[in-house]
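Counting starts at 1 for both ligands and their atoms, following the listed order. Just so you know, these numbers use all the heavy atoms, side chains as well, and skip hydrogens, waters and symmetry mates.
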Amino acid sequence: MKKIVLTAVLGMFAVMAIPFSASADVTSLRGDLELDADSKAYEKRKQVTQKGGFERSFKLQPPMIPHKVDKDKITLKTNTCMRCHSAANYKKEKAPMTGESHFLDRDGNKLKKVSARRYFCNQCHAPQQSADPLVENQFVGAK
Ligand code: HEC
Ligand code: HEC
């Protein structure tokens with residue numbers, strides 16, 4: 001019993017220690033500003049677009065958005081992404097159709113309209129910017 005308690009306590013210390021050691025080289029997005037100081041405005045960055053789309057890092061990755069989306073709107077009443085990506089329009093617009101997975105409800109039933117679980121496209125699909133990564137990343141995708 002004593003051993004279990006000791007292991008649990010040591011485990012807790014180990015977990016608490018991780019954030020301190022891992023954050024040593026990371027600068028916050030706000031830089032070294034005092035907490036009550038106003039942060040500086042971001043420098044404007046251009047969106048990176050790419051004909052043919054971006055390569056995926058793993059099979060089921062939501063592909064990144066390769067075109068401008070400044071004028072697109074996703075509201076209760078309208079989703080302008082579906083003007084090009086819906087089953088009805090994708091051929092005419094030469095756009096890839098939203099995958100079948102986007103038309104399934106949580107019980108796996110096929111729906112006629114895009115599922116509410118996939119309605120907010122930019123929850124998973126993001127446009128890209130030419131920003132340097134905040135921390136070094138050694139992730140290697142599995143194809
Ligand atoms: C005017 C038509 C149009 C609209 C509106 C549009 N798209 Fe696209 N989309 C395209 C076309 C065409 C491509 C293919 C581009 C290419 O491969 O060069 C594409 C590609 C994509 C891809 C990449 C797919 C892949 O497999 O690489 C994603 C993700 C995407 N769009 C998401 C969106 C989202 C999210 C919105 C709304 C915010 C949106 N699109 C609005 C036409 C459109
Ligand atoms: C919950 C996350 C999620 C949301 C929300 C979502 N997608 Fe996707 N999307 C994915 C994933 C994961 C894939 C890749 C696997 C697949 O096709 O299911 C994908 C694939 C795609 C593709 C490429 C299909 C192909 O066959 O190459 C397009 C285009 C796309 N999504 C458009 C959209 C649009 C438009 C919306 C909004 C109506 C949307 N997605 C909402 C996760 C999402």
Inset, instruction - Rounded to the nearest 0.5 Å, what's the gap from CD1 on Ile74 to CD on Gln123? Could you check? - result: 9.5 Å
Inset, instruction - Kindly check if the number of other-residue, nucleotide or ligand heavy atoms within 6.0 Å of CD (Gln129) is above 12? - result: yes
Inset, instruction - Please say whether more than 12 non-hydrogen atoms of neighbouring residues, nucleotides or ligands are located less than 6.0 Å from CG in Asn137. - result: yes
Legend entry - Over 12 foreign heavy atoms within 6.0 Å of CG, Asn109: yes
Protein N/O near ligand 1 N/O, under 3.5 Å, which pairs?
unit_1: ligand 1; atom_1: 7 (N); unit_2: His67; atom_2: NE2; d: 2.8
unit_1: ligand 1; atom_1: 7 (N); unit_2: His85; atom_2: NE2; d: 2.9
unit_1: ligand 1; atom_1: 9 (N); unit_2: His67; atom_2: NE2; d: 2.9
unit_1: ligand 1; atom_1: 9 (N); unit_2: His85; atom_2: NE2; d: 2.9
unit_1: ligand 1; atom_1: 17 (O); unit_2: Gly52; atom_2: N; d: 3.4
unit_1: ligand 1; atom_1: 18 (O); unit_2: Gly52; atom_2: N; d: 2.6
unit_1: ligand 1; atom_1: 26 (O); unit_2: Arg56; atom_2: NH2; d: 3.2
unit_1: ligand 1; atom_1: 31 (N); unit_2: His67; atom_2: NE2; d: 2.9
unit_1: ligand 1; atom_1: 31 (N); unit_2: His85; atom_2: NE2; d: 2.8
unit_1: ligand 1; atom_1: 40 (N); unit_2: His67; atom_2: NE2; d: 2.9
unit_1: ligand 1; atom_1: 40 (N); unit_2: His85; atom_2: NE2; d: 2.8

Legend entry - Which of the ligand 2 atoms, numbered from 1, are nearer than 4.0 Å to a heavy atom of Leu60: 12 (C), 15 (C)
Inset, instruction - Can you measure from CD1 (Ile65) to CD (Gln128) and round to the nearest 0.5 angstrom? - result: 8.5 Å
Legend entry - Mutual orientation of the aromatic rings belonging to His67 and His85 [parallel < 30°, tilted 30-60°, perpendicular > 60°]: parallel
Legend entry - Asn79 side, atom CG; Phe120 side, atom CZ - distance, nearest 0.5 Å: 8.5 Å
Legend entry - Ligand-side contact atoms (ligand 2) for residue partner Tyr119, heavy atom cut-off under 4.0 Å: 37 (C), 38 (C)
